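This is a predicted model, so every value here is computed, not measured.
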2 protein chains.
Amino acid sequence: MSTRSSTPGRQRGLSRRRIVALAHEIIAREGVEALSMRRLAREVGTTPMALYHHVRDKDELLALVMEAVAEDLPRPPLPEDPRERLVAVCELMREAFLQHPWVVAILARGRLVGPSAVWMTEEILGSLVACGMTVEEAFTAHRTIWNFTAGDVMVTAALRTEPEDRSPTHFVESQVARQGAETLPHLGALVGRSRELEARYTYRAGLEQVLDGVLPRR
Amino acid sequence: MSTRSSTPGRQRGLSRRRIVALAHEIIAREGVEALSMRRLAREVGTTPMALYHHVRDKDELLALVMEAVAEDLPRPPLPEDPRERLVAVCELMREAFLQHPWVVAILARGRLVGPSAVWMTEEILGSLVACGMTVEEAFTAHRTIWNFTAGDVMVTAALRTEPEDRSPTHFVESQVARQGAETLPHLGALVGRSRELEARYTYRAGLEQVLDGVLPRR
DNA sequence: ACCTGAACACCGTTCAAGT
DNA sequence: ACCTGAACACCGTTCAAGT
């Protein structure tokens, strides 16, 4: 990592590291949509085209930022019990995504998770096998757990950034008001409580239920 | 719907309907990222600004297209048995999203599902209650099912649009090749079979497992 | 090898003006 | 009421040229 610069002197020229670090900073402060090659160039003090000498295109830059984020992820000791370990890794994974919600959008566009994050996949597969599954079953179970987690992150991130500013009354209430409680009896029964119930929902509880369905019966 | 134009003569002027229909067409043919106000104006034969007389902004236009899609959704008769009904609605929902994968990205940005699609939510809640849950439990279970479904659509859509063109060897294979089978024993055990296993995964099977965990024990 | 300048082909949206 | 033209403040990227 620090092979040639023993002096703490600021590295003035461009470099992949500096570009990726600043890109990360912009994204962290203002979201992915705020990152543009031109803006990044301005902030780093060059022309847009200088950047293209260090990264192939914007897509590669985003992948590099993702990888940098994954490298900094904490890797605390995990519980011995396989199911507890499973839950712990999944919660770490969800936490990581919620701290960097833009990653989900990139993953959704077909990117694959980078080398620095595979240990999570390995850990999940390992825990599933330790719960009594074959590797093949574990592969399938992993996909189900990942689907659930990705969806939860998507929904939770959306709820956080959009504090009802376009629907002052909540979804349930406005739909029931529009269509009447006769056609929507069950939604109707939730009027007034949906917000509270939604706030009470936890990833952990949902995950436990998913695991109840996925893991072999004890 | 057809109140004033009994003649089949083409409606020449602009109108919300025409704008929304053409926007939908562009998205269907080339994806959301192909839709721009300027492109739409060109194709409809006006200036970009003429559009703003019929829709507030691009966001509203997208919401209108979403609503138009929801209106055209099939609503076939559903099974009597509550669990079967649940599965049927969820599969309809998933099918609908896979046919219009761009909707997921918009929903992810905080948009709420429009009036023409609420019947699905109502049907899911109703089936859950018919399975023996309270409305409150049904609300929570709905969120878990929705998380799973949204995630599955995201992953499936990504796999379809990106037929490995940036990773000729599959994820598992390339990661194991890079990091070695000692650090990734379980991923290592899947080398050569991941592609096939992935192709074998079905939403239906995953959903059944999720339901096993979510529904009250029979 | 690394960087610059000008250009190409785009964006969403505002604002003042026309009929 | 409905539409136009010009403008503002942006994009990602290519290409030829400079040091």
When the distance from [atom1] of [X] to [atom2] of [N] is rounded to whole Å, what number comes out?
| X | N | atom1 | atom2 | answer |
| --- | --- | --- | --- | --- |
| A:Leu61 | D:dT13 | CG | P | 10 Å |
| A:Leu35 | D:dC10 | CG | P | 15 Å |
| A:Arg38 | C:dA6 | CZ | C1' | 11 Å |
| B:Leu40 | C:dC11 | CG | P | 11 Å |
| B:Arg39 | C:dA9 | CZ | P | 16 Å |
| B:Arg18 | D:dC3 | CZ | C1' | 14 Å |
| A:Met37 | C:dA9 | CE | P | 21 Å |
| A:Arg16 | C:dC2 | CZ | P | 12 Å |

**Q.** Interatomic spacing from CZ in A:Phe139 to CZ in B:Arg200 - rounded to 0.5 Å
**A.** 10.5 Å
**Q.** CG on B:Leu207 to OG1 on A:Thr144, rounded to 0.5 Å
**A.** 9.5 Å
(Q) Students often mix this up, so state it plainly: with edges at 30° and 60°, are the rings of A:Phe148 and A:Tyr203 parallel, tilted or perpendicular? (A) parallel
Q. Where along residues 45-58 of chain A does a heavy atom come under 4.0 Å from DNA chain C, residue by residue in number order?
A. A:Thr46, A:Thr47, A:Met49, A:Ala50, A:His53, A:His54
Q: Pick the P atom in C:dC8 and in D:dA9, then give their distance to the nearest Å.
A: 22 Å
Q) Run the ring-ring contact (aromatic ring centres under 6.0 Å, His included) check on A:Trp146 and A:Phe97 step by step: do they pass? A) CA-CA 12 Å; A:Trp146 167 243; A:Phe97 279 122; 5.6 Å; yes
Q. Charged N to carboxylate O below 4.0 Å: is that the case for B:Arg75 and B:Glu123?
A. yes
Q: State whether A:Glu173 and A:Arg193 are salt-bridged, where the test is any N-O pair (Lys NZ or Arg NE/NH1/NH2 against Asp/Glu carboxylate O) under 4.0 Å.
A: no
Q) Does D:dA7 have a Watson-Crick or wobble partner in any strand here, with both distances under 3.5 angstrom, and which is it? A) C:dT13
Q. So which nucleotide does D:dT19 pair with, by the Watson-Crick or G-U wobble rule with both distances under 3.5 Å?
A. C:dA1
Q: Start with the C-alpha gap between A:Ile124 and A:Met93, add the side-chain angles, then the distance that decides, and say whether side chain to side chain contact (heavy atoms under 4.5 Å, CB included) holds.
A: CA-CA 10 Å; A:Ile124 290 172; A:Met93 191 165 72; 4.1 Å; yes
